[in-house]
Each structure stands twice: as C-alpha cells, then as structure tokens.
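Being a predicted model, the structure only gives us computed values, none of them experimental. For ligands, and for the atoms within them, numbers begin at 1 and follow the listed sequence. Sequential numbering from 1 along the given sequence is applied to the chain's residues.
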Amino acid sequence: RSTADDTVTSEEIQMDRIVVGFSQLGAESDWRSANTESMKSTFTKEAGYDLIFEDGQQKQANQIRAIRTFIQQEVDYIVLAPVTETGWDTVLREAKDAGIPVIIVDRKVDVEDDSLFTCFVGSDFELEGLKMSEWLNSFSVNKGIAPQDIHIVNIQGNIGASAQIGRTRGLEQGVAKYGWDLLDQVSGEFTQAKGKEVMEAFLKKYDNINVVYCENDNEAFGAMEAIRAAGRTVGSDLAAGDIMILSFDGVSTESMDCVLKDEITCIGECNPLHGPRVEALIRILEEGRTPEKFSYVEEGLYAHDDTVVSVTVDDKIYRVQQVDRELC
Ligand code: AHR
C-alpha cells in the first residue's frame with residue numbers, strides 16, 4: 001500500500017467521491033514513475049476522487065489479489081496496468097459479475113471475451129516498433145549501409161508484456177522486410193541493471209554488433225554502460241566502429257540529453273501521461289455514455305540524426321523530431 005498523500009485506506013473512503021482502485025504493475029522504469037505520478041496527480045481528493053493505489057511489484061498474482069480487494073471494497077472503477085497480456089479472464093469476470101467497470105491502461109490484456117473490460121487507453125506498441133524499423137531502414141539507406149551489414153541485438157522487455165510483444169514484433173517485421181542480421185534477443189526486463197547485464201553477455205558472444213534495439217530507455221542506459229566498459233563507443237557512425245543504440249520512451253531529460261549527444265540515436269516516443277486520459281473515460285462513463293473500446297495515444301520519434309524527417313507505416317506518416325537543446 002502506497003503511503004502517498006493522495007491514496008487512501010478503505011476506512012478513509014468518502015462516500016461522495018468516486019473511488020478508483022488502481023493496480024499499477026510495478027516501478028521498474030522512469031516511464032513507470034511518470035505514469036504513477038500522472039495517475040496520482042489526476043485522481044486527487046480535490047478533483048473528487050479517492051484513489052486506492054496498489055503496486056504489483058511485477059507479479060501478476062499481486063495484481064490479481066489487488067483487483068479482488070478492490071471488488072471487496074466495492075470501488076466505483078478498477079484501473080489495471082497489466083504486467084502481462086494473458087491470465088486475466090477469471091479475475092476480470094469476477095469484476096464484471098460485481099458490476100465494476102474495468103479500464104485497462106498502458107498495456108493490453110488478451111482475454112477470450114472483450115466484454116470483460118470496459119475500455120483500453122494506451123500505446124500501440126507494435127506500431128512503435130514498426131516506426132523504429134522504418135527509421136532504421138531510412139537511416140541505413142541514407143548512410144549507404146547495406147542491410148546485411150546491420151548486425152542487431154535486441155534487449156527485450158519483460159516477456160509477455162504487450163510493450164515487449166509489440167516492440168519485438170515491430171523489429172522482427174523490419175528484419176523480415178529488409179534483411180538485417182538479427183543476432184540475438186534476450187529480455188532486459190525493462191531495467192537498467194538487467195539491460196547492462198544482457199549487453200555485457202552479447203558483447204562477449206558477438207564481435208560484430210553495430211545496432212542495439214532496446215525496448216525502453218532504462219535498458220538503453222544499461223546497454224550504454226556495458227558498451228563503454230567493453231571499450232567500445234556509442235553513436236551513429238557505424239563505419240567508425242560505433243554501436244548505435246535505439247530505444248523507446250523518451251520521458252526523461254536524461255534520455256533526451258542522450259539523443260542530443262548521439263548516445264541514443266533514436267527513441268520511439270511512449271507517452272506515460274495516462275491519468276487525464278483515464279479520467280476522461282471515467283467522465284464519459286459517469287455521464288452514462290459509452291467510450292471507445294480502444295483509444296491509442298499519438299506518438300512520434302525523437303532522433304539525433306536529421307536526415308530522416310518522417311517514417312511511413314500503413315500509409316500513415318509519422319514525424320521524426322530532431323532533438324535540440326530546447327527539448328532537453
Ligand atoms: O508499458 C510501457 C513500458 O513499460 C515502457 O516502455 C517501459 O519503460 C515500462 O517499463
């Protein structure tokens with residue numbers, strides 16, 4: 001149970017406020033901290049809410065337990081940021097039977113019956129990965145690098161999380177389409193420490209890595225440490241022996257600063273500010289209306305290089321923003 005001021009115990013719940021039980025999956029990354037902060041600063045007492053916040057600590061069992069507690073507490077809404085996609089059918093059926101609307105946020109759930117949740121708001125992770133693949137293709141074409149000379153390692157997120165599934169798929173589709181050399185794929189669990197460990201192992205195993213596709217910025221920070229510790233350089237001058245880091249999120253000043261310095265060459269934006277989006281969905285439900293079942297956040301790319309100005313996926317054009325001092 002969080003001790004933050006804007007969370008409550010069940011005894012403190014005021015009957016005139018809207019009670020929201022939020023099962024957050026953990027605190028693994030800068031993105032996750034920003035996401036938790038967005039939820040806590042939106043669902044305040046002043047705004048008319050009682051927020052019950054539970055940190056699942058990366059364990060689905062903890063999140064299932066939290067949802068069952070929310071049901072017992074008869075909260076008005078359950079908001080779930082699910083650690084993995086599968087395994088939610090039973091507990092979501094219990095919430096539905098109790099008549100409590102469930103809003104899925106950030107990552108998706110894969111359930112047999114979509115009526116087990118009310119609506120979803122978050123990112124399209126496969127699209128994020130596809131955009132990154134298109135960026136890598138345009139970048140390498142502009143630099144005259146042949147596809148077979150792109151040797152990639154993929155530090156994946158937590159296996160089974162939709163952020164991992166989508167971003168990995170986006171890369172694999174790029175590999176199939178353009179013929180890059182995908183050397184290896186191992187989970188870095190979305191953390192800096194594990195990202196470093198995985199990159200250290202990759203560097204011992206392969207001597208021709210020139211691109212590392214990290215599935216979040218914290219893994220990228222860890223990979224960077226490992227690359228430097230191995231006496232290699234990070235950056236986009238592959239001909240000079242750099243290892244180019246690609247990543248996702250772009251939520252911190254630190255990550256934007258890395259793009260400015262070409263330490264991370266391109267970041268696929270993943271927006272964590274879901275608090276107001278979830279609140280808008282609750283407002284719609286409170287008015288007795290039906291929200292869209294799936295709402296996706298519009299996201300772009302941040303790059304050091306200015307030669308790729310946009311990427312196209314499924315005929316839609318996405319802007320690539322060059323990072324300058326003002327963005328940092
Ligand atoms: O689900 C969103 C992902 O989860 C973010 O990219 C990552 O940083 C977080 O851990």
Side-chain angles (χ1 to χ4, degrees), residues 22-39 55-60 62-63 79-88 103-110 117 120-132 154-171 185-199 212-224 245-256 258-259 264 266-275 277-278 294-302:
F22 175 39
S23 170
Q24 175 61 287
L25 64 91
E28 73 287 359
S29 61
D30 298 334
W31 188 100
R32 189 66 48 200
S33 306
N35 177 245
T36 294
E37 176 50 31
S38 173
M39 292 293 287
D55 180 347
Q57 301 184 333
Q58 301 295 326
K59 292 195 173 62
Q60 186 177 40
N62 290 344
Q63 291 202 278
V79 181
L80 169 65
V83 64
T84 50
E85 279 194 355
T86 56
W88 301 101
I103 298 171
I104 308 294
V105 67
D106 164 28
R107 302 178 183 174
K108 281 188 173 169
V109 291
D110 179 4
F117 62 93
F120 161 86
V121 62
S123 298
D124 183 335
F125 298 111
E126 187 168 330
L127 177 61
E128 288 178 357
L130 288 170
K131 286 188 287 191
M132 185 62 82
N154 173 200
I155 305 181
Q156 298 169 292
N158 287 94
I159 302 299
S162 34
Q164 175 275 313
I165 294 170
R167 289 169 186 166
T168 296
R169 270 191 199 140
L171 171 65
Q185 296 172 288
V186 174
S187 174
E189 298 173 2
F190 287 127
T191 69
Q192 183 161 345
K194 192 73 183 170
K196 183 179 178 195
E197 193 184 307
V198 170
M199 192 65 205
V212 51
Y213 178 100
C214 301
E215 292 187 4
N216 81 344
D217 286 344
N218 291 84
E219 289 178 346
F221 300 149
M224 199 185 308
I245 300 179
L246 309 177
S247 176
F248 296 89
D249 285 354
V251 298
S252 64
T253 311
E254 191 184 354
S255 59
M256 286 298 132
C258 286
V259 181
I264 300 176
C266 186
I267 292 181
E269 180 189 359
C270 183
N271 191 306
L273 306 179
H274 294 319
R277 297 182 183 114
V278 174
F294 294 94
S295 327
Y296 295 97
V297 182
E298 289 274 331
E299 295 164 329
L301 291 151
Y302 303 111

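- Just one of Asp106, Asp249, Asn216 meets the side chain to side chain donor-acceptor pair (under 3.5 Å) condition when paired with Arg32; it is Asp106.
- Annotation: side-chain hydrogen bond (donor to acceptor under 3.5 Å, both in side chains) contacts of Glu189 (sequence neighbours excluded): none.
- The aromatic rings of Tyr213 and Phe248 sit perpendicular to each other, their planes meeting at more than 60°, with 30° as the lower class boundary.
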Test side-chain hydrogen bond (donor to acceptor under 3.5 Å, both in side chains) on Thr168 and Gln185; report intermediate values, then the result.
CA-CA 9 Å; Thr168 296; Gln185 296 172 288; 5.0 Å; no
Between ligand 1 and the protein, find all N/O pairs closer than 3.5 Å and give the distance for each.
residue, atom, partner, partner atom, Å
ligand 1, 1 (O), Arg32, NH2, 3.3
ligand 1, 1 (O), Asp106, OD1, 2.8
ligand 1, 1 (O), Asp106, OD2, 3.2
ligand 1, 1 (O), Arg107, NE, 2.8
ligand 1, 4 (O), Arg32, NH2, 3.0
ligand 1, 4 (O), Arg107, NH2, 2.8
ligand 1, 6 (O), Arg167, NH1, 2.8
ligand 1, 6 (O), Arg167, NH2, 3.2
ligand 1, 6 (O), Asp249, OD1, 2.5
ligand 1, 8 (O), Ser29, OG, 3.2
ligand 1, 8 (O), Asn216, ND2, 2.9
ligand 1, 8 (O), Asp249, OD2, 2.6
ligand 1, 10 (O), Glu28, OE2, 2.3
ligand 1, 10 (O), Ser29, OG, 3.1

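- A salt bridge links Glu197 with Lys194: the distance from a Lys NZ or Arg NE/NH1/NH2 to an Asp or Glu carboxylate oxygen falls below 4.0 Å.
- A centroid separation of 6.0 Å or more is found between the aromatic rings of Phe125 and Tyr296.
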